[in-house]
Amino acid sequence: MVKGLTLAILMALAGCTTPKGGFCALSSPIRLSAAAVAALSDAEVRALLAHNRKGAALCGWRP
């Protein structure tokens, strides 16, 4: 019983690791079709633009 509980705890903790790397290693530009962009709210458009502008500034992404 104790071994099973220990194993379950260790497996749960293993799932809590975070990926290694910076923004440029983990992210990519978000590119949507015109129809998808038209369906976004203003807040979603601002978030998407902020993400892509950050990538352009930090990672050299091109439109």
Side-chain angles (χ1 to χ4, degrees):
M1 175 79 175
V2 174
K3 287 183 182 181
L5 183 58
T6 303
L7 181 60
I9 291 171
L10 289 175
M11 289 175 65
L13 289 175
C16 294
T17 61
T18 58
K20 301 220 186 284
F23 178 81
C24 295
L26 300 174
S27 299
S28 60
I30 299 172
R31 294 187 169 96
L32 301 174
S33 68
V37 172
L40 295 176
S41 70
D42 289 343
E44 291 170 324
V45 170
R46 282 191 298 273
L48 185 139
L49 287 173
H51 172 83
N52 285 345
R53 287 177 180 153
K54 179 178 179 178
L58 296 177
C59 313
W61 297 346
R62 301 273 179 194

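All heavy atoms count here, side chains included; hydrogens, waters and symmetry mates do not. Just so we're clear, the structure is a prediction, and the values are computed from it rather than from any experiment.
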Can you give each donor-acceptor pair under 3.5 Å made by side-chain atoms of residues 29-36, sequence neighbours left out, with the distance rounded to 0.1 Å?
| residue | atom | partner | partner atom | Å |
| --- | --- | --- | --- | --- |
| Arg31 | NH2 | Arg62 | O | 2.6 |
| Ser33 | OG | Ala36 | N | 3.2 |

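His51 places no side-chain N or O within 3.5 Å of a backbone atom of Arg46 that could act as its donor or acceptor partner.
You'll find the side chain of Lys54 stays beyond 4.5 Å of the side chain of Trp61, heavy atoms only.
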